[in-house]
Amino acid sequence: MKTHVTTVIAAALLSAPAWAESHVSGDAAAGESVFNQCQTCHVVQNEDGETLAGRNGRQGPNLYGVVGRQAGTEDFRYGDSIVEAGEAGLVWDEESLTAYLQDPTGYLREYLDDSRARGKMSYRVRSEEDARDVIAFLAQYGPEDSGS
């Protein structure tokens, strides 16, 4: 029985990025246009160093595999609040990313229940629709993207 449970859990974890992409509500094509505003600071670059989206902006973290990833864990110098949120269990899914993209500092303050929490990202996505679209665009890129 234990082996069966372990197998089921492993299968669920391995399919998470594919599940994340198929279970986002935004429009990936529209999200590509929204991402044009993000690429000043962010890039989507796979493990081989191939740039899949963006212009190699590195003021912000690489967004490859961001959907489904624990906050504050990519190889990047994050602010203390985002690291703390990740350590407290924040994993980027559509709901959390949508709220964060619209108000990074406000989201972290609420998530951490700390009025002194601060996000380093100053840009805000203008609308919930734009946030969901860019999330759908980013959900295409992760370890199982097979070189899209």
Side-chain angles (χ1 to χ4, degrees), residues 9-148:
I9 292 171
L13 290 173
L14 289 173
S15 68
W19 181 88
E21 180 180 344
S22 66
H23 287 85
V24 293
S25 64
D27 176 345
E32 183 173 10
S33 177
V34 175
F35 185 75
N36 287 334
Q37 301 165 41
C38 308
Q39 69 183 349
T40 300
C41 298
H42 296 280
V43 67
V44 178
Q45 193 171 63
N46 68 17
E47 297 99 341
D48 296 330
E50 178 185 3
T51 299
L52 305 173
R55 292 178 292 187
N56 216 11
R58 293 304 293 186
Q59 288 178 298
N62 178 5
L63 298 179
Y64 181 76
V66 69
V67 178
R69 181 170 70 208
Q70 181 178 345
T73 57
E74 171 70 17
D75 184 21
F76 182 77
R77 282 187 55 168
Y78 289 99
D80 295 340
S81 296
I82 197 102
V83 171
E84 183 181 346
E87 290 171 350
L90 177 59
V91 173
W92 294 126
D93 60 13
E94 184 177 25
E95 182 181 340
S96 60
L97 275 169
T98 299
Y100 178 80
L101 291 173
Q102 292 180 88
D103 183 6
T105 293
Y107 179 80
L108 290 171
R109 287 179 176 172
E110 183 176 328
Y111 186 86
L112 295 170
D113 193 23
D114 179 356
S115 63
R116 294 175 293 160
R118 299 237 182 270
K120 288 173 69 174
M121 188 170 98
S122 59
Y123 181 79
R124 293 179 179 205
V125 174
R126 293 183 184 155
S127 71
E128 182 175 327
E129 180 180 6
D130 283 351
R132 291 188 188 281
D133 289 348
V134 79
I135 293 163
F137 174 71
L138 293 171
Q140 302 175 98
Y141 301 108
E144 284 90 33
D145 67 11
S146 33
S148 357

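It should be emphasised that the depicted structure is a prediction, and the values quoted were computed from it without experimental measurement.
With respect to His42, the side-chain contact (heavy atoms from CB on, under 4.5 Å) criterion is satisfied by exactly one of Gln59, Gln37, Met121: Met121.
Considering all non-hydrogen atoms of both residues, Asp133 and Ala30 come closest at OD2-CB, 3.4 Å. In plain terms, the two heavy atoms of Tyr141 and Ala53 that are nearest each other are CE1-CB, 4.4 Å. Gly54 and Gln39 make their closest contact through CA-OE1, 3.1 Å (heavy atoms, listed as atom of the first residue, atom of the second, distance). When all heavy atoms are compared, the tightest approach of Ala131 to Val125 is N-CG1, 3.4 Å. Minimum interatomic distance between Ala117 and Ser81 (heavy atoms only, all atoms of both residues): CA-OG, 3.3 Å.
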message: Determine whether Glu84 and Leu112 satisfy the following criterion, side chain to side chain contact (heavy atoms under 4.5 Å, CB included), listing intermediate values before the conclusion.
response: CA-CA 8 Å; Glu84 183 181 346; Leu112 295 170; 3.9 Å; yes
message: As a quick check of understanding, evaluate side chain to side chain contact (heavy atoms under 4.5 Å, CB included) for Phe35 and Leu138, giving each step before the final call.
response: CA-CA 9 Å; Phe35 185 75; Leu138 293 171; 4.0 Å; yes
task: Check step by step if side chain to side chain contact (heavy atoms under 4.5 Å, CB included) holds for Val67 and Leu97.
output: CA-CA 8 Å; Val67 178; Leu97 275 169; 4.0 Å; yes
- prompt: Can you check side chain to side chain donor-acceptor pair (under 3.5 Å) on Asp93 and Ser96, steps first, answer last?
  reply: CA-CA 6 Å; Asp93 60 13; Ser96 60; 2.8 Å; yes
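Applying the salt bridge (charged side-chain N to carboxylate O under 4.0 Å, His left out) rule to pairs touching residues 72-83 yields Arg69-Glu74, sequence neighbours excluded.
Side-chain atoms of Tyr107 never come within 3.5 Å of backbone atoms of Gln102 as a donor-acceptor pair (strictly under, hydrogens ignored). Although no hydrogens or angles enter the test, the distance criterion places a donor-acceptor pair under 3.5 Å between the side chain of Asn62 and the main chain of Tyr64. No donor-acceptor pair under 3.5 Å is formed between the side chain of Gln70 and the backbone N or O of Val91.
With rounding to the nearest 0.5 angstrom, the OH atom of Tyr123 is 6.0 Å from the SG atom of Cys38. Note that CG of Asn46 is 8.0 Å distant from OG1 of Thr51, once rounded to the nearest 0.5 Å. Note: Glu95 CD to Ile135 CD1 = 10.5 Å, rounded to the nearest 0.5 Å.
Within a 6.0 Å sphere centred on CD of Glu110, other residues, nucleotides and ligands contribute 12 heavy atoms or fewer. Other residues, nucleotides and ligands contribute more than 12 heavy atoms inside 6.0 Å of the CD atom of Glu47.
With sequence neighbours excluded, no residue forms a salt bridge (charged side-chain N to carboxylate O under 4.0 Å, His left out) with Asp27.
Between Tyr78 and Pro61, the closest side-chain pair of non-hydrogen atoms falls below 4.5 Å. Residues Leu101 and Arg124 have side chains not in contact (no heavy-atom distance under 4.5 Å, counting atoms from C-beta outward). Residues Arg55 and Val43 are not in side-chain contact: their nearest non-hydrogen atoms beyond the backbone lie 4.5 Å or more apart.
Ring geometry, Tyr100 versus Trp92: the interplanar angle falls from 30° to 60°, so the pair is classed tilted.
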